[in-house]
Every structure is written in structure tokens, then in C-alpha cells.
Amino acid sequence: MKSPLAALFASPCAVLVRSTLATGLLAMSARAQASLEWSATQPDNSGDEFTQMLAVGPDGSVYLAQAIPGNTPNNLDVRLVKHTDAGAFAWLAEWDTYGFNDAVTAMLTAPNGELFVAGYDRRETAIGHINHDATLRKFSPGGTQQWFAASQGVGGTAVSFRALARLSNGAVIGAGSKGAGGHLARFSNSGALEWQRTLTGGGFGGTWVTDVALLPDDSIVACGQRGSSFNGALTLWRYDAAGNELWRSTLDELVPQQSHGASLCITPSGRIAVGGRRLVSPSANDMALAQFDPADGALDWKLYVSANSGPSGMDEIRKVAAAPDGVIWCAGRRFDTQSDMDTVILRVDGGGALLSLETWAGGATSFDQPQALHIGSAGQAWVSVMGGVGNRDIAVLQFDSAGELVSEDVFDLGGDDIGVVAAAGPGERLTIAGSTNASGDYDAFALRIDLGAAPSTYCTPKLNSLGCAPRLSFNGAPSASATSGFDVVCANMRNRKSGLWIYSLTGPDAAPFQGGYLCTAAPRRRTPATTSGGAASGDDCSGMHVLDFNAFAHGQLGGAPAPELLSPGTSVHTQVWARDPGAVGNSALSAGLRFETAP
């Protein structure tokens, strides 16, 4: 009589092959795992239009904010365009707030599909004062402007929002600058200005806020720069939802250097990581990363990474994001004497140790710099890059969970393609927006990039008997021809326990089994058993099941691998089953990992 586990497996089954048409795709190498789903442009004969901001709705719809020539000379107005999830044009709105220059500086979509648009609008008074207001508009998904609000500059002051965040009650926080100070403002869901705060400095260099996020209690954390004796220092602020400052933490304020924070993220442990740069001298600048305790702003650790000794202002971390395993990913840029500027990807663990540093010089001769950083479901990082000068292209890079570059795709629309902003959307897809002169003058564009050919996770893991959830990731790339180089990894497992990988060539499933789910469709197959390793004594979740699927497919690890694993385009769904005494069925079950074999 077969055991419940043995009954899962069957004889070899047919191949499932999926092909994707990637129109307009120029791949820099065979390592291509992103494809163009659709592109959209808005040709306009009125002059150049440049994309300023992008937002993606919960349904996958795309919002583009563009600067367009105004009705009066030398003034710019705003055009807001919506595309559906399929790329079809939905609606547009245009505005000229005060009859002078208008710009969009931040956008935010709510879970119900509502859109918030922050502006930086010039306003002149009757006595000739030139002010700039930080404005905020709310739109319905159908394109109706529901309200307009402003935090006004007075006496020749400029006010702007660089980032937005939304509280649990629907109120919106705008973060940016006011004159030489930082600025925070809260607007109700109906558009009332509830409070605003000016964040002052303590010396030279000015104070401003560049990024903002919310903690679970709706308190506000914001990063940027605060004026200091040495022209400004990287600073993190925390305010409660009522606008009261809880604490302020400044990094190396008394050290003779200038620094600022450009991006922040909340780690799985609840700490706050801030990335940016420091400038020690005109020819020495470093990437900077620091982590803070949310309770009181105490510094956990700091890390300065020196990439070169090039011109000032070049080296910096521009985006940070935290992976589920606690690793902090950073996308930045560094000066290169050969190509002027390269993209740099760093991985740092929760204790501040540098795990990896990867430089991507690209195919252009100069100025490759990251625009966005997105953590994928299988532990990888996606980075969108604007590369080149005069004839720029858009690159999408994928780094595995160990920080190694595993795929790179370049998209060329036929002109100078300026990819300005990018945002992740539902269904393992990335949207990139910018401007291109492929048709003559510059027109705004949006690209929807399908990341589905890359490894991704799905289904629900079963909590083990110690309360840990298995965590899937990968290193390397699946290949039908390579005899090694694609590790599938399941971490957070019971230590010193045996297990195996179940896999299917017929798709996913979510069938209840032993207190968890079978995430692979029948007929199912199995690999040889593996041992989780981990701590030599005691019981914990330090175990990890690792299998090189390329080596297994070529018969190097034993077992009876399916012949279809050696066919490019085969779609594989796999998960770990392992022993877990004390759990339902005395077993552990991970979520599912899907991948597609490349040539």
C-alpha cells in the first residue's frame, strides 16, 4: 500500500511550453526574462511632452502625469492620462492652476482606486510676490476631480511635496520642503488641510524631506536632510498622526561631511532603513545606508560604501527596499572613468554587513542610473535603469536572492527613450513611463513589462510546528543546456530534517493536504531527498532545503528527472515537502515556486 506521499507521484507526463511575443525588445544577452506586454504613447503636435510621475492602480490601470506646453509663453501645464490594465486609453485631464508653471511631483493610488496627485504650482500675488504652492488633487477612477487643496507659500516662499503616504482613515500625508526647511502636511480624505509642520535645520545646507512611510500605528517616518554645521546631515523624523514630533535622529551631525537620505523602507522586523549619500570632500563621496530603531530613533548601524574617488555628487543610493528575509536591497549609482556613471546594486543584512555589491555598466557609454527597485515574489530584485546620453534606452535588470545578475533586457522605442519612473503592479508586472522622440518631438509613453517568465512564488505555505513559514527563493537561472547553476532554495525550515521537492509540468494547484496545500498539479514528480542542515542541536528554523535544478535535470543528482526539463520553454511548478514531527501529518509544506527553462 502506498503512503499518502508516494501516492502523489505518477509516471512522466507531457511537456507544457509557453511562448511569449516580445515586440520591440532588444535583449543585451540571452539572459532575457522580461517581455513587453504593451506600449502606449500620446503623440501631440503642440511641442514636447515629458512624463513627470507614474502611478499604478490596484486593478493594474496606469496613470501618467505629463508636463505639456501651456497656453501662455514659457509656461508649462499638466496633463494626466489614464490607461487601462490592457493599455487602452481611458481618459485625460489637463490643468493650469494659477496661469503659470505647473508640475506634478508625486502620485499615490488608494486601495479603492482613487488617485491623489501632488503638484508644485507657481502663484503670483497682486504685489508681485512669486510663490510656489504644494497642491493636492483627488480623482475618482473614472477621472472626476473630487477636490483640490493646497499648502501655500507666502512672501516668496516655495512649498513642494516630494512624496505621499495614506493613513488608515484615508487622510493623506504630503512630505517635501518649504523654503529652506522641510515640510509635512496632512489632508483629510475630503480635502481639508488638517495640519502642516515646518521642519527646521540646525545650521547650513538647508532642510528637506525626500521620502515618507507609515508605521503600523499610523505614525509618520520621513527622511531627508537637516541643516548642520557642515552643510546638512542625513536625518530621519518620526511624527504621530496628529502632527506631533516624536523624535528626530541625525546621522553624524558633528562629523565634517555633508549627507542626505534619499529613500527609506520598513524592514520585516519593523526597523527603518534609510539610503542616500555622504560628501566628505569635492572628490570623495560615498553611498550611505543606516538603520534606526522606530521606538526612539536610536541608530542601529551605519554603512558607508566607497565605490570610487570620482567627482562629487555622483555616488549615492537612490532606492532602498527590504526583502521578506530581512535583507536590505539598495539601487544606486557610481562614477566610472570609462562610462561616466554605472548602476550599483547592494545587499545588506539586518546587522549592517555588506553581503554583495554588483555593478552594471550597461551597453551605453555613459550615465546608466537606476530609476526604480522592486522586490519580486521569489526573493529577487528588479531594477529599471535609464541608460545612455542623446539616444537613451530602458533596461530592466533581475538579480537573484544572492545578488547576482541573472537577466537583463533593453527596450528601444526607436529614439531617445527617457525612462523616468517605474512602478510595480499586480501579477508580476512592471510599468515604466517616460518620454521618447521616436516620432519627432518628445511624447509621453508607458511600457507594461511582463515579468512572468522569471521565477515567481504562489500558493500558501504551511506554518511548521515551531510557527515558522517556509520561504522560497532562487539563485542563478534555469537552463535546459547548463548542467548546474540554478539553486531553488527553501529557508526557514526545521533543522536537520529530510525533505524533497515535488514538481509538476502541468501547472499549479492548491489542494488541501496534511494541513497545508499541494501547490503542484497532478501528475506530480519528485526529486531525491535532501537534508535541511541548520543548527547542529536543538530545534529551530535554521534549516534550508537547496537543490540545483539544472544539475538534477541532467541526471547528476540521481532520481528520475523528467526529460521535458531539458526542453527550453518548459514551465515547472515545485514546492518542498519535508518531515516535521508534531505538525499535522508530521510534515512541512512550502508555497509554490514557478519557473520556466531557458535554452
Do Y442 and D416 have side-chain N/O donor and acceptor atoms under 3.5 Å apart?
-> yes

Between R333 and D368, is the closest basic N to carboxylate O distance under 4.0 Å?
-> no

Begin from the C-alpha positions of Y458 and H573 and carry the test ring pair (Phe, Tyr, Trp, His ring centres under 6.0 Å) through to its verdict.
-> CA-CA 9 Å; Y458 65 97; H573 293 76; 5.4 Å; yes

Would you say the side-chain atoms of Q398 and Q380 include a donor-acceptor pair closer than 3.5 Å?
-> yes

Any side-chain donor-acceptor pair under 3.5 Å between R594 and S456?
-> no

Donor + acceptor pair across side chains of S587, Q514 (<3.5 Å) | yes

S356 side chain to R347 side chain, donor-acceptor N/O pair below 3.5 angstrom = yes

OH (Y517) with more than 12 external heavy atoms under 6.0 Å | no

Hey, are E428 and S377 close enough side-chain-wise for a donor-acceptor pair under 3.5 Å?
-> yes

Taking atom types as modelled, is there a side-chain donor on T483 or H554 under 3.5 Å from an acceptor on the other?
-> no

Return yes when atom CZ of R579 has more than 12 non-hydrogen atoms of other residues, nucleotides or ligands closer than 6.0 Å, and no otherwise.
-> no

If we ignore angles and hydrogens, is there a donor and acceptor under 3.5 Å between the side chains of D580 and S465?
-> yes

Crowded around K319 NZ? As in, over 12 foreign heavy atoms under 6.0 Å?
-> no

Pair S401, N475: side-chain N/O donor-acceptor within cut-off below 3.5 Å | yes

D443 and T41 side chains, donor-acceptor separation under 3.5 Å | no

Parallel, tilted or perpendicular: which fits the ring planes of F549 and F595, with parallel below 30° and perpendicular above 60°?
-> perpendicular

